[in-house]
Every structure is written in structure tokens, then in C-alpha cells.
Amino acid sequence: MDQEEYVERVLALIERIPAGRVMNYGAIAAVVGVGGPRQVGRVMSQYGGSVPWWRVVHADGSLAVCHDGGARQHLVAEGTRFRPSGSVDMAAALWSPEELEGVPDSVGGP
DNA sequence: GCGCTGACTGAGG
DNA sequence: TCCTCAGCCAGCG
């Protein structure tokens with residue numbers, strides 16, 4: 001697909017991430033179906049300012065090293081679960097677009 | 001056409 | 001639990 005459409009999909013996906021949830025670069029790349037984590041990171045560096053970039057984290061739950069660590073403040077304010085180590089609790093916070101289509105009535109958390 | 005760089009990832013020590 | 005190594009994909013000069 002065109003680069004423009006790719007960017008469009010990545011940004012649209014990130015905008016759909018609900019407060020208190022996060023996604024990692026690999027998951028986003030998998031949903032979009034093109035390129036890899038690095039490609040997603042590149043798009044974020046250029047267009048990330050228009051979306052809740054702080055909801056995008058590393059595969060292990062650690063936050064993006066950009067923006068002077070401001071991501072943690074945003075996530076905490078949204079009620080995202082953190083582990084004692086300082087990383088996001090991926091088991092509880094990892095979000096997938098399938099949750100919107102597959103379990104619309106279960107929104108509200110475990 | 002070539003090489004470098006980067007908001008990554010997974011495995012191993 | 002934290003640090004390091006090698007691999008992958010695209011954009012840019």
C-alpha cells in the first residue's frame with residue numbers, strides 16, 4: 001500500500017487505543033500487516049505528535065525513551081497499570097482492536 | 001546504487 | 001532483573 005495509507009492506518013489504530021491500555025510496535029505492525037516494528041517507530045517519529053503516542057510501548061512493556069519520559073505521566077493519569085519495576089503491566093494493559101469487534105459488551109475490564 | 005541510522009524485537013549471559 | 005548481541009525493514013543523503 002502507499003506510504004500515506006500506511007501512516008493513516010497506524011495513526012488510526014493508535015487513536016483507537018482506549019485510555020488505560022497500550023500497544024507495542026510489533027502488534028501495530030502486525031495489525032497493519034505491512035513492514036515491521038521499525039517502520040511503525042519511524043511513522044511515530046514523524047506523525048506521532050498527532051496521536052496518543054504514549055500508548056505505544058516496547059514489546060516488554062517499557063516505555064518509549066522519547067519526550068523526556070513524559071509518557072509515564074500520561075499513562076498514570078489514564079489509570080494504566082504499572083509493574084513495580086516501572087514498566088507497563090502488558091498482561092493487563094495490552095490492547096488489541098479485536099476487543100472492539102469481538103467482545104463489545106465486555107468493555108469495562110476484567 | 002550504496003551505506004548509515006533509527007521512538008524495535010527476541011534470545012542469551 | 002538488567003545489559004548485550006544479532007537480525008529485520010525503510011527512509012535519507
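Residue numbering restarts at 1 for every chain, and letters A, B, ... go by the order of the sequence lines.
- Pairs of residues two or more places apart, or lying in two chains, that qualify as ring-ring contact (aromatic ring centres under 6.0 Å, His included) and include a residue from residues 17-50 of chain A are Tyr25(A)-His58(A).
- Here the side chains of Ser62(A) and Val57(A) are not in contact, with every heavy-atom distance at 4.5 Å or above.
- Nearest heavy-atom pair across Tyr6(A) and Gly36(A) is OH-O, 4.2 Å.
- Screening residues 55-64 of chain A for salt bridge (Lys or Arg N to Asp or Glu O under 4.0 Å) gives Arg55(A)-Glu78(A) as the qualifying pairs, with residues at least two apart or on separate chains.
- Here dA7(B) presents its C1' atom at 19 Å from CZ of Arg72(A), a figure rounded to the nearest Å.
- Taking both residues in full, the closest heavy atoms of Ala71(A) and Trp53(A) are given as CB-CZ3, 3.6 Å, listed atom of the first, atom of the second, then distance.
- Here the CD atom belonging to Gln46(A) is positioned 10.5 Å from the CG atom belonging to Leu11(A), to the nearest 0.5 angstrom.
- For residues 55-63 of chain A, proximity to DNA chain C is found at no residue, defined as any non-hydrogen atom under 4.0 angstrom from a strand atom.
- When the C1' atom of dC8(C) is taken as reference, atom OH of Tyr25(A) falls 17 Å away, rounded to whole Å.
- Residue pairs meeting the salt bridge (Lys or Arg N to Asp or Glu O under 4.0 Å) criterion with at least one member in residues 30-41 of chain A: none, sequence neighbours excluded.
- Contact check for Pro52(A) versus Ile14(A): side-chain heavy atoms found under the 4.5 Å cut-off.
- Counting heavy atoms from C-beta on, the side chains of Thr80(A) and His74(A) never come closer than 4.5 Å.
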All N/O donor-acceptor pairs, side-chain side in residues 84-96 of chain A, below 3.5 Å, sequence neighbours left out:
{"from": "Asp89(A)", "atom 1": "OD1", "to": "Ala91(A)", "atom 2": "N", "distance (Å)": "3.3"}
{"from": "Ser96(A)", "atom 1": "OG", "to": "Glu98(A)", "atom 2": "N", "distance (Å)": "3.3"}

Between the protein and nucleotides 9-13 of chain C, are there any N/O to N/O pairs under 3.5 Å, and if so, what are the atom names and distances?
{"from": "dA10(C)", "atom 1": "O4'", "to": "Gln39(A)", "atom 2": "OE1", "distance (Å)": "2.9"}
{"from": "dA10(C)", "atom 1": "O3'", "to": "Gln39(A)", "atom 2": "OE1", "distance (Å)": "3.3"}
{"from": "dG11(C)", "atom 1": "OP1", "to": "Gln3(A)", "atom 2": "OE1", "distance (Å)": "2.8"}

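- Per the geometry, OH belonging to Tyr47(A) stands 19 Å off P belonging to dG6(B), to the nearest Å.
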Requested in this report: Could you provide the dot-bracket string of DNA chain B, using ( ) for intrastrand pairs, [ ] for crossing pairs and | for bases paired to another strand, with Watson-Crick or G-U pairs below 3.5 Å?
Outcome: .|||||.||||||
